[in-house]
Trainee: 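Handing you this structure, nothing more for now.
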There are 2 protein chains.
Amino acid sequence: MALLLLLLKWLQWKFLITDQAEEVYTGFIALFFTVLGIWLAFRLRSPEVRTVIVEKEIPVPLTADAGINETELQKLNLSSREYEVLQCMSRGLSNAEIAAELFLSVSTIKTHASNLFVKMDVKSRTQAIEKSKRLRITP
Amino acid sequence: MALLLLLLKWLQWKFLITDQAEEVYTGFIALFFTVLGIWLAFRLRSPEVRTVIVEKEIPVPLTADAGINETELQKLNLSSREYEVLQCMSRGLSNAEIAAELFLSVSTIKTHASNLFVKMDVKSRTQAIEKSKRLRITP
DNA sequence: AAAAGCCTCATACTTTAGTACCAAAAACGG
DNA sequence: CCGTTTTTGGTACTAAAGTATGAGGCTTTT
């Protein structure tokens, strides 16, 4: 900047000495500072940043309970006990094993199972397991 | 541009008339054309675009049969018929339904099922289903 | 308070699943 | 060709699953 001012002074002095036409002098000044402005603009202007978001699909191993389908689960309208029994079934447990795990009698498990099948619109525990896994309401 | 030149002429005339100091006049000219240069640069220059690509990860659940575990399947050493029966079981079919689908008698299905359970080291079809899905040898 | 829904358990019964054992035809490898 | 495995199917039996029905206790809603 200081250098530029010196140059300006020199140009001014030179033109006065040589007694050139003032229009020419002004033209040079205008041209010079126009170029200076353009240069400044190029230097100072921050580049426009355009952010492009690229969606990248990454396969995920589908962890056990990551994607429990709450929506489908609610549609079935299972009671909490019925859902517990269904979860045990999906683990491959027999009625006796489920009864032992939940501290219930086999009769109770059978009752829950029957009600469960009606609500799920299936006719056997294997169909219930298949459907529950297909709808992702059990791991 | 023509308008600007007229303005310049007017400024020049005014300053001459009022007999201002030439440095002030030159300063105004310089400032004006610097601004003009900056404005021109901003108007005419094609915007420099720096594209930033941001990868957005979208979890995609692995499809069921994408990763049929051939290794685990071979370990079990199932015969082709036994594997067919296992696949039908995993679909929730009963022995009678499997027999109908494979054009076999229920006795044959039971035989295959029993041999299957021994090879898979399970004690019921529900356990077989659970294990086959856990090892990803059925969809 | 009455009704509804859920949880529990029981009995009695039918159906299905599963085991054990046997046996014959077919397929397959050495 | 012979031995092995697979596939098929049978009978007889046991175990488990599933259905139907009832009933008492509990909580929530109306």
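Per chain, numbering begins at 1; letters A, B, ... match sequence-line order.
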Trainee: Is it true that A:Lys123 and B:Glu97 have a side-chain N and a carboxylate O under 4.0 angstrom from each other?
Mentor: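 Between B:Glu97 and A:Lys123 there is no salt bridge, as every charged N stays at least 4.0 Å from the carboxylate O atoms.
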Trainee: Send over the distance from A:Glu97 CD to D:dA15 P, rounded to a whole Å.
Mentor: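 It works out to 16 Å between those atoms.
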Trainee: A:Arg81 has an atom CZ; how far is it from atom C1' of D:dG25, in whole Å?
Mentor: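 Computing the A:Arg81:CZ to D:dG25:C1' distance gives 15 Å.
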Trainee: Hydrogens and angles aside, do B:Thr108 and B:Thr111 bring a side-chain donor and acceptor to less than 3.5 Å of each other?
Mentor: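 No pair is found: no donor N or O on one side chain lies under 3.5 Å from an acceptor on the other.
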Trainee: Can you tell me if B:Asn95 touches the phosphate of C:dA17, counting only side-chain N or O atoms and a distance under 4.0 Å to OP1 or OP2?
Mentor: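 Yes, within the criterion.
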Trainee: Starting at CD1 of A:Ile98 and ending at P of C:dC7, how long is that distance when rounded to a whole Å?
Mentor: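 Rounded to whole Å, this separation is 15 Å.
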Trainee: Atom CG in B:Leu116, atom CE in B:Met89: separation rounded to 0.5 Å?
Mentor: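 CE of B:Met89 is found 5.5 Å from CG of B:Leu116.
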Trainee: Give the rounded distance in Å between these two atoms: CG of A:Asn77 and P of C:dA4.
Mentor: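 Spelled out: CG on A:Asn77 to P on C:dA4 is 16 Å.
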Trainee: Check the pair A:Glu130, A:Thr126 against side chain to side chain contact (heavy atoms under 4.5 Å, CB included), reporting the backbone distance first and the verdict last.
Mentor: CA-CA 6 Å; A:Glu130 190 277 333; A:Thr126 54; over 6 Å; no
Trainee: Using a 4.0 Å cut-off on heavy atoms, which residues in residues 99-119 of chain B reach DNA chain D? List them by number, or say none.
Mentor: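 B:Leu104, B:Ser105, B:Ser107, B:Thr108, B:Thr111, B:His112 - these, ordered by number, are the residues of the stretch whose heavy atoms sit under 4.0 Å from the strand.
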Trainee: State, yes or no, whether a side-chain contact exists between A:Leu86 and A:Met120 at a heavy-atom distance under 4.5 Å.
Mentor: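 A:Leu86 reaches A:Met120 side chain to side chain.
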Trainee: Please give, in whole Å, the distance from D:dA17 C1' to B:Lys123 NZ?
Mentor: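 Value for this atom pair: 18 Å.
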Trainee: Rounded to the nearest Å, what distance is computed from the CD atom of residue A:Glu82 to the C1' atom of nucleotide C:dC6?
Mentor: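 Taking CD of A:Glu82 and C1' of C:dC6, I get 8 Å after rounding.
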Trainee: Please identify which of these residues, A:Arg125, A:Gln87, A:Glu101, meets the side-chain contact (heavy atoms from CB on, under 4.5 Å) condition with A:Leu93.
Mentor: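 Passing option: A:Glu101.
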Trainee: To the nearest Å, how far apart are B:Gln127 CD and D:dA16 P?
Mentor: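 Rounding to the nearest Å, CD of B:Gln127 and P of D:dA16 are 12 Å apart.
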Trainee: Grab the CD1-P distance between A:Ile129 and D:dA17 for me, whole Å please.
Mentor: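 Spelled out: CD1 on A:Ile129 to P on D:dA17 is 10 Å.
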